[in-house]
Amino acid sequence: MSKRLASFHGPSTPTSSPVSQPRHPGTPASPSRASETTIHRKARTLLQELRSLSHAWDDVVLVDGLNAARTLVDTRTELNNAFAVHAPGSLPRSPIVGPKLAVMEKCIVQLDTVLTKLQKNLRRMGTAVDNLEALYHEVQKTKGPKWCKEEPLWLSWSLEKFVLSIGSITTPYHRSLVLLDGLVNQLRSHSLSFETSRLIINQWIEQLYLVENGWDAQWEDICAVEVEKWDAR
């Protein structure tokens, strides 16, 4: 990922309750808010892209990934139950072993595909963050550091504050990917107990690192307040 704006100073995490800066009656609105420019459009587009990528992440994890993981655990449990009702050393009369193993192997392939999609998603999130930083450097050349630092883009946040704060958004998703990769590796084992499998499924659903630090927890409310036309289609 590109440079992380080492020359910046100030807080690097967003506040949870953005507020507007009070203005005296009759004070004209900021020129930035009076007329939208390419700067505003580019910044909003990149922030909306990050939101879309975070929602796509949830879809991949909680739809594709969860379905594959549950099917794998259920099929493995069904096969174990089929063996449990027979005498030790004997096999079920119906040919269920081969088909069940085929389903389980297919699920493992699907889980590997989920991890690949998430890796791609994370790279795209990093690119969006880098592009927002590149926008900052571009604007700094034309409008100067003071404008980037002090001029509100829409309500109260400056371009510099957006860039400084958004830089850490990929961290919880990277941690989540590492966790999910470990869970998939555990699920590969056909000797995994049902209880352990159940705990893995619960961890998969929880997405521990995103509960408090994912996009919806950290950024959606901020952007809804701070970014004009945030939900415009």
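Any value given below was found using the heavy atoms of this structure, including those in side chains, with hydrogens, waters and symmetry copies removed.
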Does the pair Gln119 and His174 meet the rule for a side chain to side chain donor-acceptor pair (under 3.5 Å), with working shown? CA-CA 9 Å; Gln119 290 166 357; His174 179 265; over 6 Å; no
Given Trp157 and Trp219, is the ring-ring contact (aromatic ring centres under 6.0 Å, His included) satisfied, shown in steps? CA-CA 13 Å; Trp157 279 39; Trp219 279 95; 5.7 Å; yes
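A distance of 11.0 Å separates SG in Cys223 from CZ in Arg44, rounded to the nearest 0.5 Å. Atom CD of residue Gln110 and atom NZ of residue Lys106 lie 5.5 Å apart, to the nearest 0.5 angstrom. Expressed to the nearest 0.5 Å, how far OH of Tyr173 lies from CG of Leu177 amounts to 12.5 Å.
A search for side chain to side chain donor-acceptor pair (under 3.5 Å) contacts involving Ser52 returns nothing, not counting sequence neighbours. For Glu206, there are no side chain to side chain donor-acceptor pair (under 3.5 Å) partners two or more places apart in sequence or in a different chain.
Both Leu122 and Leu111 belong to a single network of hydrophobic side chains, linked directly or stepwise wherever heavy atoms of I, L, V, M, F, W or Y lie under 4.5 Å apart. In this structure, Val114 is a member of the same hydrophobic cluster as Ile205, with clusters built from ILVMFWY side-chain heavy atoms closer than 4.5 Å.
Using a cut-off of 4.0 Å between Lys/Arg side-chain N and Asp/Glu carboxylate O, Glu151 and Lys146 are scored as not salt-bridged. Salt bridge annotation for Glu138-Lys42: present, with a cationic side-chain nitrogen under 4.0 angstrom from a carboxylate oxygen. A salt bridge between Asp130 and Arg123 is absent, with no side-chain N of the basic residue lying under 4.0 Å from a carboxylate O of the acidic one. A salt bridge links Arg188 to Asp112: at least one charged side-chain nitrogen sits closer than 4.0 Å to a carboxylate oxygen.
Of all non-hydrogen atoms in Trp215 and Leu47, the two that sit nearest each other are CH2-O, 3.5 Å. Closest approach of Ala56 to Asn121, counting heavy atoms only: CB-ND2, 3.8 Å. Pairing each heavy atom of Gln48 with each of Lys229, the nearest pair is NE2-O, 3.7 Å. Minimum interatomic distance between Ile169 and Gly214 (heavy atoms only, all atoms of both residues): CD1-C, 4.5 Å.
Glu226 and Ser156 share a donor-acceptor pair across their side chains, judged by distance under 3.5 Å alone. Looking at Glu220 and His55, their side chains never bring a donor and an acceptor atom within 3.5 Å of each other. Inspection of the Thr196 and Ser193 side chains reveals an N or O donor paired with an N or O acceptor under 3.5 Å.
Annotation for Glu212: atom CD does not count as buried by contact number, only 12 or fewer foreign heavy atoms lying within 6.0 Å.
A side-chain donor-acceptor contact under 3.5 Å links Arg76 to the backbone of Leu187.
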Throw together a table of side-chain donor-acceptor distances under 3.5 angstrom for residues 57-70, partners on residues two or more places apart or in other chains.
unit_1 : atom_1 : unit_2 : atom_2 : d
Trp57  : NE1    : Gln207 : OE1    : 3.2
Asp58  : OD1    : Gln207 : NE2    : 3.3
Asn67  : ND2    : Val63  : O      : 3.1

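For the pair Phe162 and Leu46, the minimum side-chain heavy-atom distance is 4.5 Å or more. Between Ile222 and Val227 the shortest side-chain heavy-atom distance does not fall below 4.5 Å.
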